[in-house]
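Notes for the one structure printed next.
Residues take their numbers from the sequence shown, with the count starting at 1. Keep in mind that what you see is a predicted model, and the values were worked out from it rather than measured. One-based numbering, in listed order, for ligands and for the atoms of each. What you see below is based on every heavy atom in this structure, not just the backbone, and it leaves out hydrogens, waters and symmetry mates.
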Amino acid sequence: MNGAECLLRTLVSGGVDVCFMNPGTSEMQFVAALDRVGGMRPILCLFEGVCSGAADGYARMTGRPAATLLHLGPGLANGLSNFHNARKARSPIISIVGEHSTQHQSYDAPLSADIAAFARTVSTEVRTVATAHAIGADASATIAAALQSPGQVAMLIVPADFSWSEAGSPGPVVARPAPCVPENGRVRELTLSLRSGSATGLLLGGRALSGRGLEAAARLAGSTGVRVFADRNAARMESGRGRFQPERIGYFPEQATAQLSGLKDLILVEAKAPVSFFGYPDQPSFLAPEGCRIHTLAELEEDGTAALEALAVECKALASPLPEQPHDAASWTAESALTPDTAGSIVGALLPEDAIVSDELVSAAAAVWPYLAQAAPHDYLPVTGGSIGQGLPVALGAAVACPGRKVVALEADGSGMYTPQALWSMAREDADVTVVIFANNRYRILDIEMQRTGASGFGPIAETMIDIGQPQIDWVKLSESLGVQAVRAETAGEFESAFRSALAVRGPRLIEARIQD
Ligand SMILES: Cc1ncc(C[n+]2csc(CCOP(=O)(O)OP(=O)(O)O)c2C)c(N)n1
């Protein structure tokens, strides 16, 4: 058995059976082994940022790692941006990167690069195979590293000669360690704090935003008055009507500090203490009020859901009614202009039950979010690391992970242009994704950010850095050229009917929603 086959057999027997890949010469042995080994679903992506983002979406929905297979340093470098987002999502991923054969490495050939240096920017688990016989054990160790709670991108660098040499047996199957449950002492201490009547907040992140975690948090809110917040950049959150809706901490520091003001205690559950996305003149980066005591109920790697349930038991927090969260729907007629508000209202009204929403709406997100909160119950996959270009790949990965569920990708046009190649893979895989491009022809968020950083506004040259409408991107042609049927919607009525039709069929569809904002 050669090294590539041994690697593949170790992955498949370890439960890693999907690989988002873009191979080259040094990975040809791995590609050849796909037919001999079986059990691995290889998915070709035409840009490595699609591979890494899709593996992130897959992990967020299954909790299991997919593999990525990338070509040498440059291939990995192309994938880094979405590995960065995956790292922030704490997604388990097995990233396999081909390297030149060992005898070739000293010559600084054209594709030579410091792969480990690239890898270390997104992963503390970087392993380079040292002999062909080590490949099985190294693959198992990489799986074990990815699965370590809370999940991480684990890198395996494989020199080409170890792929073609005799390698021995596949590595052992590794068991997934269960996340630790926080000790009772911590739960009891925080029970006392909650009972003391001090103004307290609970900040949920990670897996604590699952249905069970939210349910326990709702009971705590109902019986102790604790205010519950959600990390806005957590990997996944169960959302929609009938579910408890924590307050998402605002994007801008003044919104966030207003939300958190008055808190005397803040309890973290699989979350870090909140900080703002950017630093601004005269605005705090650290968002909790001065003097607010920060406690940890569950560390990032611990089981926050079990901890919340234990806290609810200790606080005798029994079932509590879900608070009503009315949001007035936008009123629109068929001829109304499409705005973030009208589009959001239509998406919220038509979203099918159990859908998965990948949200990379950037400036429109705040207008759309209240409609999603009232939509049919769904899983919500937000931006995690702020590196744009994640929305379409994450939607692809989520669709591969959950073939029976409709995925809706809500995508800003500027961000969508970072990884449009995801559409091609959606077409090839017949991924059940409805993509809605919010086409405002502008980097709109930068208008807002420009005002905030204290810069003196746009002159005509600066304006050309924000306007992406010249030339105008034709998303319908772009999408169809990549194999995904598409339509354009200019009014609310056109959008409603296009969205309804896209949802009614299985398979990928794209709507270019011409947004006026
Ligand atoms: C990799 C990366 N490059 C650049 C940026 C900076 N950036 C943030 S938002 C944005 C443009 C957003 O435009 P669009 O996606 O169309 O959303 P809109 O603001 O119009 O809602 C840019 C360039 C980033 N966050 N990540």
| field | Residue, atom name and distance, where the atom is the protein heavy atom closest to atom 1 (C) of ligand 1 | value | Ser387 OG, 3.4 Å
| Has Lys88 got more than 12 heavy atoms of other residues, nucleotides or ligands less than 6.0 Å from its NZ? | no
| More than 12 non-hydrogen atoms from neighbouring residues, nucleotides or ligands closer than 6.0 Å to CD on Gln472, yes or no? | yes
| said: One thing to verify: whether Asp474 and Arg488 come together as a salt bridge, which I'm taking to mean a side-chain N less than 4.0 angstrom from a carboxylate O. | reply: yes
| said: Under 4.0 Å from a heavy atom of Asp413: which atoms of ligand 1 are those, numbered in the order shown and with their elements? | reply: 16 (O)
| said: I'd like to check which ligand 1 atoms, numbered from 1 as shown, lie under 4.0 Å from a non-hydrogen atom of Gly414. | reply: 14 (P), 15 (O), 16 (O)
| Contact bool for atom 6 (C) of ligand 1 (protein heavy atom, d < 4.0 Å) | no
| field | Step-by-step side chain to side chain donor-acceptor pair (under 3.5 Å) determination, Thr384 to Asn233 | value | CA-CA 4 Å; Thr384 54; Asn233 303 114; over 6 Å; no
| Which of the ligand 1 atoms, numbered from 1, are nearer than 4.0 Å to a heavy atom of Ser415 | 14 (P), 15 (O)
| query | Who gets closest to atom 18 (P) of ligand 1 by heavy atom: Gly385, Gly386, Ser363, Gly391? | reply | Ser363
| Mutual orientation of the aromatic rings belonging to Tyr251 and Phe277 [parallel < 30°, tilted 30-60°, perpendicular > 60°] | tilted
| Contact atoms of ligand 1, heavy-atom distance to Ala412 under 4.0 Å | 14 (P), 15 (O), 16 (O), 17 (O)
| Please walk me through it: do Ser81 and Ser387 pass side chain to side chain donor-acceptor pair (under 3.5 Å)? | CA-CA 6 Å; Ser81 168; Ser387 181; 2.5 Å; yes
| query | Does ligand 1 have an atom under 4.0 Å from some heavy atom of Leu361? | reply | yes
| field | Distance-only N or O hit between ligand 1 and Leu446, under 3.5 Å | value | no
| field | Heteroatom distance test (Asn440, ligand 1): nitrogen or oxygen, under 3.5 angstrom | value | yes
| said: What protein heavy atom lies closest to atom 22 (C) of ligand 1? Include the residue and the distance to one decimal. | reply: Ile388 CD1, 3.5 Å
| Subset of ligand 1 atoms that lie under 4.0 Å from at least one heavy atom of Ile445 | 9 (S), 12 (C), 18 (P), 19 (O)
| task | Using a strict cut-off of 4.0 Å, indicate which atoms of ligand 1 neighbour a heavy atom of Arg444. | result | 18 (P), 19 (O), 20 (O)
| query | Rounded to the nearest 0.5 Å, what separation is found between the CD1 atom of Ile511 and the OG atom of Ser479? | reply | 10.5 Å
| Is Ile468 close to ligand 1, meaning an N/O of one under 3.5 Å from an N/O of the other? | no
| query | Asp231 and Arg248: salt bridge (charged side-chain N to carboxylate O under 4.0 Å, His left out), yes or no, with the steps? | reply | CA-CA 6 Å; Asp231 172 2; Arg248 292 179 84 211; over 6 Å; no
| message | Only heavy atoms of Arg442, strictly under 4.0 Å: list the atoms of ligand 1 that pass. | response | 16 (O), 20 (O)
| message | Tell me whether Gln485 at atom CD has more than 12 heavy atoms from other residues, nucleotides or ligands lying less than 6.0 Å away. | response | no
| Working for side chain to side chain donor-acceptor pair (under 3.5 Å), residues Glu27 and His71 | CA-CA 7 Å; Glu27 297 79 37; His71 184 51; 2.8 Å; yes
| said: Give me the residue, atom name and distance of the protein heavy atom closest to atom 3 (N) of ligand 1. | reply: Tyr418 OH, 3.3 Å
| task | For ligand 1, find out whether one of its N or O atoms is nearer than 3.5 Å to an N or O atom of Tyr443. | result | no
| task | Kindly assign one of parallel, tilted or perpendicular to the pair Phe278 and Tyr280, based on the angle between their ring planes and the thresholds 30° and 60°. | result | perpendicular
| Taking the non-hydrogen atoms of Phe438, is any one of them nearer than 4.0 angstrom to ligand 1? | no
